[in-house]
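We use all heavy atoms of the structure for the numbers below, so side chains are in, but hydrogens, waters and symmetry mates are not. Residue indices begin at 1 and follow the sequence shown.
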Amino acid sequence: MTPCVHTLWQDLISIRETTPLIHNITNYVVMNNTANALLALGASPVMAHALNEVEEMVNLAAALVINIGTLNDDWIAAMETAMLFAKQQKKPIIFDPVGAGATNYRTETTRKLLNIATPTVIRGNASEIAAISNQNITTKGVDSTQDSQTVVRVAQTLANLYQCTIVISGAVDFIVSKERIFQIKNGHPLMTKVTGMGCTATALTGAFLAVNSDATIAATHAIAVMGIAGEIAAEKSAGPGTLQLNFLDALYNLKAEDIANRLKLTQFNY
Ligand SMILES: Nc1ncnc2c1ncn2[C@@H]1O[C@H](COP(=O)(O)OP(=O)(O)OP(=O)(O)O)[C@@H](O)[C@H]1O
Ligand SMILES: Cc1ncsc1CCO
Ligand SMILES: [Mg+2]
């Protein structure tokens with residue numbers, strides 16, 4: 001399959017028609033934003049991080065979103081259990097290594113979780129993706145210090161190592177598998193002034209993974225929708241406050257012609 005306006009639209013219709021349950025173990029900062037974004041897209045979010053309930057919730061869900069943004073040891077145990085159970089149940093997992101590279105705790109936790117149960121897709125900014133692969137790069141808190149293009153080769157190595165799809169977000173987004181690279185040039189710089197837009201890209205990827213078993217295509221569709229809704233919203237916004245609200249409205253009202261008119265997608269072959 002090749003991602004295009006048609007395949008993206010089909011997936012979006014599937015999400016809106018089937019409202020897949022997306023189980024999120026995510027951070028305190030973005031829980032509300034990502035739950036609302038999943039609802040606006042057409043999916044059904046649930047945030048559940050207690051060790052005592054994660055297996056039952058994974059069982060109900062169509063995809064699992066793991067985000068280490070505000071981690072602690074209890075949450076790591078719940079993430080580990082949820083990820084292992086999702087693997088066993090053959091449910092897709094999307095992993096967001098928030099702040100990997102900023103502290104050893106985040107970098108080591110990321111590596112540990114990836115080795116215990118490799119996700120279907122990993123999405124991070126360029127610094128986070130570089131940090132996973134032991135590049136000598138530090139992350140400034142949760143924001144990237146790197147350009148996404150410079151990390152594409154690193155992502156290729158990771159995609160091969162973990163047999164998964166890697167998404168590097170930034171001014172230009174790259175979706176990297178061991179066979180293919182897709183580049184998306186949608187989005188708007190104002191998106192960096194709202195917290196958790198990356199976490200939202202991760203959550204939306206969960207919804208696309210729920211309806212499309214080709215993980216690289218599903219991730220490409222999700223990142224395109226994120227960028228297109230972001231730019232539609234930014235054009236109507238005076239600043240980050242209104243962008244946050246307009247983004248939800250743009251997702252909810254997204255039409256096939258918006259995708260056809262705006263999609264800036266390029267495929268590269270190795
Ligand atoms: N300069 C930019 N121009 C256009 N779009 C951008 C730009 N920077 C980021 N984006 C878009 O914003 C979204 C979030 O990407 P970003 O790389 O900022 O994530 P992040 O650093 O993980 O964010 P967070 O940690 O706050 O969740 C993506 O959809 C990306 O395409
Ligand atoms: C700001 C922040 N700090 C930890 S998680 C998070 C949300 C954006 O990644
Ligand atoms: Mg992030």
Side-chain angles (χ1 to χ4, degrees), residues 22-31 34 46-59 61-135 137-139 141-142 144 151 154-155 157-169 176-178 196 198-203 205-206 209-210 215 218-219 222:
I22 311 302
H23 177 187
N24 299 260
I25 305 181
T26 189
N27 67 72
Y28 293 117
V29 184
V30 305
M31 277 190 201
T34 60
V46 63
M47 279 45 191
H49 53 262
L51 181 58
N52 292 345
E53 68 167 352
V54 290
E55 285 195 4
E56 268 175 277
M57 198 59 84
V58 168
N59 201 32
L64 174 66
V65 177
I66 299 286
N67 176 309
I68 67 158
T70 51
L71 78 178
N72 66 34
D73 287 356
D74 289 345
W75 281 33
I76 294 170
M79 288 173 183
E80 219 178 285
T81 301
M83 288 171 80
L84 279 170
F85 195 68
K87 290 292 271 192
Q88 198 186 317
Q89 302 283 306
K90 302 205 180 336
K91 307 242 170 132
I93 305 170
I94 163 97
F95 184 85
D96 192 327
V98 180
T103 64
N104 281 331
Y105 189 46
R106 286 166 191 265
T107 313
E108 292 314 315
T109 299
T110 295
R111 295 214 185 104
K112 183 176 123 188
L113 290 173
L114 296 187
N115 287 324
I116 286 173
T118 303
T120 322
V121 179
I122 304 169
R123 189 223 57 93
N125 61 42
S127 295
E128 291 159 348
I129 298 299
I132 298 174
S133 84
N134 216 356
Q135 300 289 303
I137 281 167
T138 49
T139 308
V142 299
S144 186
V151 180
V154 167
T157 311
L158 285 175
N160 268 305
L161 177 68
Y162 290 111
Q163 299 289 305
C164 70
T165 298
I166 310 284
V167 177
I168 318 161
S169 63
V176 180
S177 77
K178 55 188 169 43
C199 306
T200 301
T202 303
T205 304
L209 287 170

- Pair I68-W75, side-chain contact (heavy atoms from CB on, under 4.5 Å): steps then yes or no: CA-CA 9 Å; I68 67 158; W75 281 33; over 6 Å; no
- Message: What verdict does the side-chain contact (heavy atoms from CB on, under 4.5 Å) test give for H49 and V54, after you've listed the backbone C-alpha separation in whole Å, the side-chain angles of each residue and the deciding distance to 0.1 Å?
- Response: CA-CA 6 Å; H49 53 262; V54 290; 5.5 Å; no
- Task: With side-chain contact (heavy atoms from CB on, under 4.5 Å) as the test, would you mind laying out the steps for I76 and Y105 before giving the verdict?
- Result: CA-CA 11 Å; I76 294 170; Y105 189 46; 3.2 Å; yes
- From CA spacing to verdict: side-chain contact (heavy atoms from CB on, under 4.5 Å), I129, I166: CA-CA 8 Å; I129 298 299; I166 310 284; 3.7 Å; yes
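Closest approach of F85 to E55, counting heavy atoms only: CE2-O, 3.2 Å. The minimum heavy-atom distance between V30 and G196, with the atom names listed, is CG1-CA, 3.5 Å. Closest approach of V98 to C199, counting heavy atoms only: CG2-SG, 4.2 Å. In plain terms, the two heavy atoms of K87 and A117 that are nearest each other are CG-CB, 3.6 Å. Nearest heavy-atom pair, G141 versus A102, reported as atom, atom and distance to 0.1 Å: O-CB, 3.6 Å. Across all their heavy atoms, A203 and V65 have their closest contact at CA-CG2, 4.1 Å.
With a 4.5 Å cut-off on side-chain heavy atoms, N24 and N67 do not count as touching. For the pair M83/I116, no side-chain contact is recorded, criterion being any heavy-atom separation below 4.5 Å from C-beta on. Residues I94 and R123 meet the side-chain proximity criterion, which asks for heavy atoms closer than 4.5 Å. Between M47 and T34 the shortest side-chain heavy-atom distance falls below 4.5 Å. In this structure, the side chains of I132 and P97 come closer than 4.5 Å at one or more pairs of heavy atoms.
E128 and R106 are not joined by a salt bridge, as no carboxylate oxygen comes within less than 4.0 angstrom of a charged side-chain nitrogen.
Just one residue in the list I122, L158, V176 forms a side-chain contact (heavy atoms from CB on, under 4.5 Å) with C164, and that residue is I122.
A distance-only check finds a donor-acceptor pair linking the side chain of N125 to the backbone of V142 [under 3.5 Å]. Judged by distance alone, the side chain of K91 and the main-chain N or O of L64 form no donor-acceptor pair under 3.5 Å. Of the possible polar contacts, none joining the T165 side chain to the S177 backbone as a donor-acceptor pair under 3.5 Å is found. Within the 3.5 Å criterion, the main-chain N or O of N72 finds no donor-acceptor partner in the side chain of D74. T120 places a side-chain N or O within 3.5 Å of a backbone atom of I93 that can act as its donor or acceptor partner. Using a distance-only test at 3.5 Å, with no hydrogens or angles considered, a donor-acceptor pair links the side chain of T70 to the main chain of Y28. A donor-acceptor pair is defined here as one N or O able to donate and one able to accept, closer than 3.5 Å; such a pair exists between the side chain of Q163 and the backbone of N160.
Other residues, nucleotides and ligands contribute at most 12 non-hydrogen atoms within 6.0 Å of the CD atom of E56.
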